[in-house]
Protein chains: 4
Amino acid sequence: MSDPVAGDQLRAFVERIERLEEEKKVISDDIKDVYAEAKGNGFDVKILRKVVSLRKKQPHEREEEEAILDLYLQALGMGPGVGM
Amino acid sequence: MSDPVAGDQLRAFVERIERLEEEKKVISDDIKDVYAEAKGNGFDVKILRKVVSLRKKQPHEREEEEAILDLYLQALGMGPGVGM
Amino acid sequence: MSDPVAGDQLRAFVERIERLEEEKKVISDDIKDVYAEAKGNGFDVKILRKVVSLRKKQPHEREEEEAILDLYLQALGMGPGVGM
Amino acid sequence: MSDPVAGDQLRAFVERIERLEEEKKVISDDIKDVYAEAKGNGFDVKILRKVVSLRKKQPHEREEEEAILDLYLQALGMGPGVGM
DNA sequence: TCTCACAACTCCGCTC
DNA sequence: GAGCGGAGTTGTGAGA
């Protein structure tokens with residue numbers, strides 16, 4: 001009422017966002033399909049996800065997390081080399 | 001034994017997933033851009049997010065209410081679609 | 001260097017958490033028992049779960065609607081609590 | 001209307017469940033508090049969670065997962081020993 | 001730093 | 001009896 005233009009603008013922004021979110025959902029579904037297909041070909045989906053996630057992380061970052069974990073495990077008397 | 005894990009197939013799946021995740025990230029960034037643009041036009045991003053989220057949830061809530069109604073009808077031995 | 005990780009403290013935290021998680025598991029099992037008992041009394045567990053879940057969500061939805069209303073009022077320069 | 005007793009019974013079950021879920025929520029909040037306290041004492045919460053989760057799993061189970069992961073990584077030409 | 005929404009993992013019931 | 005699918009729960013990452 002105070003400014004009809006603002007309403008139109010607002011609607012436009014909302015619609016642009018909703019359109020993009022739909023596209024994003026399509027991609028997400030595609031990814032799920034690929035995992036399902038991999039499973040159908042005998043791959044372990046859980047491990048596959050871990051592989052993808054490992055490839056994303058920087059090596060030093062992962063090493064640092066593992067180092068802290070080892071410190072904690074040692075402090076608890078559970079030896080290192082347990083893996084993460 | 002010659003090939004405990006089908007490397008080529010695995011690689012293909014991983015690459016398809018990574019490709020899709022890149023596309024997904026592009027869309028996510030686009031969404032961020034739209035929010036930024038809206039902010040530049042004087043809109044409150046927090047409100048905008050709330051509006052989008054609410055519009056997403058409302059149809060879902062509606063469906064849930066219908067689902068519970070159907071369940072009640074079933075529980076009473078009146079199948080769904082019986083009408084009133 | 002003598003103690004890179006405070007082992008006693010760490011162990012104490014871990015044990016407190018594990019103790020609490022055990023308690024939590026007991027409660028979860030109790031809930032399962034109640035559902036089983038209800039089933040034994042002829043109730044449909046799926047419906048029952050739906051009822052419980054719906055009763056949980058409704059107050060939350062209500063709060064969310066109020067929140068968005070307040071946000072709109074703020075956006076229009078009318079603080080919350082102004083009334084109508 | 002068809003059977004008022006069923007309604008009373010249903011209400012009783014729902015209330016018992018809701019009561020238990022409240023207790024469960026209290027415990028969950030307690031666990032969160034412990035993690036927060038640990039954080040205040042300089043511990044890394046993310047790693048701490050991993051420690052607790054590791055203690056829950058059986059060793060052989062973890063070893064098996066790691067073995068599969070290594071197979072996949074080798075198939076992709078990423079050496080083992082990366083950790084999990 | 002803290003909150004909050006998204007995504008992954010686990011467990012349960014269901015069906016073949 | 002086992003795999004499949006869905007729901008609930010937990011963990012992670014992004015935003016304020």
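Order of the sequence lines sets the chain letters (A, B, ...), proteins ahead of strands, with each chain counted from 1.
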By side-chain contact (heavy atoms from CB on, under 4.5 Å), Glu21(D) pairs with (sequence neighbours left out) Ile31(C), Val52(C), Lys56(C), Ile17(D)
Under a 4.0 Å heavy-atom criterion, the protein footprint on nucleotides 7-16 of chain F, written with B, S and -, is --SSSS--SS
Applying side chain to side chain donor-acceptor pair (under 3.5 Å) to Lys25(A) and not counting sequence neighbours gives Asp29(A)
Applied to residues 33-44 of chain C, the salt bridge (Lys or Arg N to Asp or Glu O under 4.0 Å) test, sequence neighbours excluded, yields Glu37(C)-Arg16(D)
**Prompt:** Can we say Lys57(B) and Glu61(C) salt-bridge, meaning some charged N sits less than 4.0 Å from an Asp/Glu carboxylate O?
**Reply:** no
Its 5'-most and 3'-most nucleotides having an atom under 4.0 Å from a non-hydrogen atom of chain B, DNA chain E is contacted over dC6(E) to dA7(E)
By nearest-nucleotide position on DNA chain E, the 5'-leaning member of Asp29(C) and Lys39(D) is Lys39(D)
Sorted by chain and number, sequence neighbours left out, ring-ring contact (aromatic ring centres under 6.0 Å, His included) with Tyr35(A) holds for none
side-chain contact (heavy atoms from CB on, under 4.5 Å) filter on Glu23(D), not counting sequence neighbours, yields Ile27(C), Arg19(D), Leu20(D)
Sorted by chain and residue number, the side-chain contact (heavy atoms from CB on, under 4.5 Å) partners of Arg55(D) (sequence neighbours excluded) come out as Leu76(A), Met78(A), Val14(C), Glu18(C), Val51(D)
Residue pairs meeting ring-ring contact (aromatic ring centres under 6.0 Å, His included), one or both in residues 49-72 of chain C, sequence neighbours left out, come to none
